[in-house]
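What you are looking at is a predicted structure, and each value in this text was computed from that prediction instead of being measured.
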Amino acid sequence: RGTKRTPPKGDVGLQVTIHIEKLVKYYISQMGGEVSSRDLGRYLAANNACIPVSGNTKSTALQELKDNFGTLASFFDYKNDVFERSGSTDSSEFGFGIKLKASNPPSLTASKSPSSEKQGNLSGEIHLESLVKEYIAASGGHAMSRNLGRYLAANDSSQGNNQTALQQLKDEFGSLANFLNLKEAIFSLVKDNSHKASDVSVPPSTYNFGVTMKAPN
């Protein structure tokens, strides 16, 4: 593994790596399973960095990647357990293709005892909460419910059984709105102005609503 670039140091480096990895996974899923490095660079340049820059200057996810890894290629060399580079997309001199590596089948040795099931539900809830927080942060502090749903659909559930995080959320909580209302200490729901008469506490699935994170006390 001597060819791998040294990962960024400390918690900040880990945060940045996770943030960029999630953005790349989402973009690949939306673009049919494989993207070109050039298009991905433009997408990262259009998204906010994980760590805010001091002052009023806004940093992008692309700049953050370059600051921590140098180049897109270096990032994918570092995350070669998750992503695979190919020459089949954008075969020009500076472009390369990127796709997700096929995941290994989940282990079947997990215990089915009631206590482990309850533990699984708890870890699932934490997993979903973490994904929602990451997407809101990636969206600059405010996300729309439809986009958030697509992001959850692009990520795996915590159970590793070929189920998406969105399906897990629906199975356990019924809807995104129900989940967010249960987490009202963390998330705020923002009414869509085109539905002024609606009660935002139980947003109908037929329209879009905004989601933000509440400031910590």
Donor-acceptor under 3.5 Å (Ser188 side chain, Met213 main chain): no

Look only at the side chain of Glu64 and the backbone of Ser59, and say whether a donor-acceptor pair between them is shorter than 3.5 Å. no

Can you see which heavy atom on Phe69 is nearest to which on Ser74, and at what distance? O-CB, 3.1 Å

To the nearest 0.5 Å, atom OG1 of Thr212 lies from atom CD1 of Ile186 at 12.5 Å

Does Arg85 qualify as a cation-pi partner of Phe76, given the criterion of NZ or CZ under 6.0 Å from the six-membered ring centre and within 45 degrees of its axis? no

Under the 3.5 angstrom rule, does the side chain of Thr60 hit a backbone N or O of Asn47 as a donor-acceptor pair? no

How far does NE2 of His19 sit from CG of Leu65, to the nearest 0.5 angstrom? 10.0 Å

So, the side chain of Asn155 versus the backbone of Ala165: is there a donor-acceptor pair under 3.5 Å, distance only? no

Minimum heavy-atom separation for Leu100 to Lys25, with atom names? CD2-CG, 3.8 Å

Given the rule in the side-chain contact (heavy atoms from CB on, under 4.5 Å) test, do Lys170 and Ser175 qualify, once you have shown the distances and angles that lead to the verdict? CA-CA 5 Å; Lys170 287 181 175 178; Ser175 71; 6.0 Å; no

With a 4.5 Å heavy-atom cut-off, do Ser157 and Gln167 have their side chains touching? no

Determine, stepwise, if the pair Tyr43 / Leu62 fulfils side-chain contact (heavy atoms from CB on, under 4.5 Å). CA-CA 8 Å; Tyr43 176 73; Leu62 181 63; over 6 Å; no

Measuring from Leu44:CG to Lys66:NZ, what's the distance to the nearest 0.5 Å? 10.0 Å

Would you indicate whether the side-chain heavy atoms of Leu128 and Val132 approach each other to under 4.5 Å? no

Without swapping roles, check the side chain of Lys101 against the backbone of Asn80 for a donor-acceptor pair under 3.5 Å. yes

Closest heavy-atom contact between Glu129 and Phe179? N-CZ, 3.8 Å

Assess whether side-chain contact (heavy atoms from CB on, under 4.5 Å) is satisfied between Glu84 and Ile98, documenting all intermediate values. CA-CA 6 Å; Glu84 195 176 325; Ile98 304 137; over 6 Å; no

Can a donor-acceptor pair be found, under 3.5 Å and without considering hydrogens, that links the side chain of Lys99 to the backbone of Val35? no

Return the CG to CG distance between Leu166 and Leu176, rounded to the nearest 0.5 Å. 8.0 Å

Check whether any side-chain heavy atom of Asp156 lies under 4.5 Å from a side-chain heavy atom of Gln163, and answer yes or no. no

Hydrogens and angles aside, do Gln168 and Ser158 bring a side-chain donor and acceptor to less than 3.5 Å of each other? yes

Note: Leu23 and Ala61 closest approach over all heavy atoms is CD1-CB, 3.6 Å

Working to the nearest 0.5 angstrom, can you tell me the gap between Met144 CE and Phe209 CZ? 8.5 Å

Non-hydrogen atoms of Phe187 and Lys214 that approach each other most closely: O-CE, 3.7 Å

What verdict does the salt bridge (charged side-chain N to carboxylate O under 4.0 Å, His left out) test give for Glu125 and Lys183, after you've listed the backbone C-alpha separation in whole Å, the side-chain angles of each residue and the deciding distance to 0.1 Å? CA-CA 10 Å; Glu125 194 173 320; Lys183 297 284 182 180; 2.9 Å; yes

Roughly how far apart are Leu40 CG and Ile28 CD1, rounded to 0.5 Å? 7.0 Å

Ile20 and Phe75: which non-hydrogen atoms are nearest, and at how many Å? CG2-CZ, 3.6 Å

